[in-house]
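Take a look at the structure set out below.
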Amino acid sequence: MFSLDGIEHRYGGTTVLRVDAWRAEAREHWLLAGASGSGKTTLLHILAGLTVPTAGRVVVAGTDLGSLSDGALDHWRGRTIGLVPQRLHLVAALDVRDNLRLARHLAGAADDPGRVSGLLRAVGVGDLERRYPRELSQGQAQRVAIARAVVNRPALVLADEPTANLDDAHAAAALELLRAQAVDAGATLVVATHDARVKALLPKVYALPARPGAADR
């Protein structure tokens with residue numbers, strides 16, 4: 001599914017991330033572990049093609065990301081990657097249904113109202129299609145974000161700290177929902193977190209060493 005080789009990323013001359021090698025197979029579920037400041041978010045963004053590493057090679061779903069132009073990379077990302085960011089970034093001017101429809105449009109996929117409605121029902125917010133993000137609870141917004149991430153049946157689903165600020169019951173439910181939707185989409189799943197509660201749920205672990213004194217990126 002993906003391979004990282006010789007990855008290094010620097011900001012202003014400071015190395016903030018180094019990954020010698022990491023390989024994951026199709027449909028595997030991984031925990032990307034590391035303390036705050038270890039570079040988990042940066043690594044997710046490299047896998048998503050949002051950040052170009054300073055050095056190294058990134059291959060995802062058979063595509064060498066370094067070979068793509070900016071326009072081709074945008075198109076590839078919409079078709080291949082499902083991202084659940086820390087800040088959910090739902091489009092405030094669009095209702096729940098249209099947030100998912102927009103994700104399909106940006107990927108160049110045909111409008112599929114049945115897919116959108118069925119997926120919202122599957123994540124437990126089928127009755128909220130016409131609500132706007134400001135009308136949702138945090139838990140409801142997270143479910144919508146998960147649905148948006150998998151609406152195009154991506155090959156790789158990336159989730160950044162999805163259990164942050166959740167109690168034990170809601171954290172377990174969020175992880176199970178992510179896993180279930182990744183399985184349904186046939187996707188590889190990578191969850192980045194320093195939440196110890198997640199370790200028991202995702203047995204495959206890639207751990208980043210702490211980088212003392214740095215803010216997570």
Side-chain angles (χ1 to χ4, degrees), residues 1-9 17-35 38-68 72-86 103 107 109 115 119 122-123 145-163 171-209 216:
M1 165 45 54
F2 68 76
S3 63
L4 302 172
D5 291 286
I7 298 299
E8 186 174 301
H9 197 61
L17 177 70
R18 183 177 287 115
V19 176
D20 293 332
W22 182 19
R23 286 166 175 75
E25 300 298 329
R27 299 176 182 267
E28 288 183 341
H29 294 178
W30 281 82
L31 168 65
L32 173 58
S38 60
K40 299 186 301 297
T41 297
T42 298
L43 184 49
L44 285 190
H45 286 183
I46 287 172
L47 281 168
L50 292 167
T51 295
V52 178
T54 306
R57 186 167 185 249
V58 183
V59 178
V60 181
T63 298
D64 185 338
L65 302 195
S67 70
L68 299 180
L73 189 58
D74 288 342
H75 181 74
W76 169 88
R77 186 184 307 112
R79 293 276 186 175
T80 310
I81 301 296
L83 178 63
V84 184
Q86 285 189 53
R115 167 71 176 160
L119 187 51
V123 300
I146 291 171
R148 182 184 59 182
V150 299
V151 69
N152 296 324
R153 297 190 182 278
L156 177 60
V157 175
L158 307 171
D160 196 357
E161 297 286 0
T163 60
L175 259 296
E176 187 52 41
L177 185 60
L178 266 170
R179 291 198 301 175
Q181 292 306 314
V183 168
D184 183 69
T188 298
L189 174 66
V190 177
V191 177
T193 186
H194 60 272
D195 187 342
R197 297 173 299 179
V198 179
K199 292 181 180 179
L201 301 174
L202 294 171
K204 288 185 175 294
V205 180
Y206 186 87
L208 292 171
D216 200 9

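Atom set for the values below is all heavy atoms of this structure, side chains included, hydrogens, waters and symmetry mates excluded. Residue numbers run from 1 in the order of the sequence given.
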Worksheet item: Does the side-chain contact (heavy atoms from CB on, under 4.5 Å) test come out yes or no for L208 and V19, once each step is laid out?
Response: CA-CA 8 Å; L208 292 171; V19 176; 4.1 Å; yes

Worksheet item: Taking it one step at a time, do V157 and Q181 satisfy side-chain contact (heavy atoms from CB on, under 4.5 Å)?
Response: CA-CA 9 Å; V157 175; Q181 292 306 314; over 6 Å; no

Worksheet item: Got L201 and H29 here, is their nearest side-chain heavy-atom distance under 4.5 Å?
Response: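 No, side chains not in contact.
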
Worksheet item: Mind checking whether M1 and E28 have side chains closer than 4.5 Å, heavy atoms only?
Response: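 A side-chain contact is absent here, since even the closest heavy-atom pair is not under 4.5 Å.
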
Could you pull out every donor-acceptor pair under 3.5 Å between side chains of residues 56-66 and any protein atom, sequence neighbours left out?
unit_1	atom_1	unit_2	atom_2	d
R57	NE	D64	OD2	3.0
D64	OD1	G66	N	3.0

Fill in: K199: salt bridge (Lys or Arg N to Asp or Glu O under 4.0 Å) partners, not counting sequence neighbours
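If we apply the salt bridge (Lys or Arg N to Asp or Glu O under 4.0 Å) test to K199, skipping adjacent residues, there are no hits.
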
Kindly give the heavy-atom pair with the smallest separation between [X] and [Y], and that separation in Å.
X	Y	value
A187	P154	CB-O, 3.2 Å
V151	L119	CA-CD2, 3.6 Å
N152	A107	ND2-CB, 3.5 Å

Just by distance, do the side chain of [X] and the backbone of [Y] share a donor-acceptor pair under 3.5 Å?
X	Y	result
H194	G34	no
T188	E25	yes
R197	A171	no

Practice prompt. For side-chain contact (heavy atoms from CB on, under 4.5 Å), just list the numbers for V123 and V150, CA-CA rounded to whole Å, side-chain angles, deciding distance to a tenth of an Å, and then say yes or no.
Written response: CA-CA 11 Å; V123 300; V150 299; over 6 Å; no

Worksheet entry | Stepwise side-chain contact (heavy atoms from CB on, under 4.5 Å) test for L202 and R179 | CA-CA 9 Å; L202 294 171; R179 291 198 301 175; 3.9 Å; yes

Worksheet item: Do the rings of F2 and W22 sit parallel, tilted or perpendicular, given the 30° and 60° boundaries?
Response: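 Ring orientation, 0 to 90° scale: perpendicular.
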
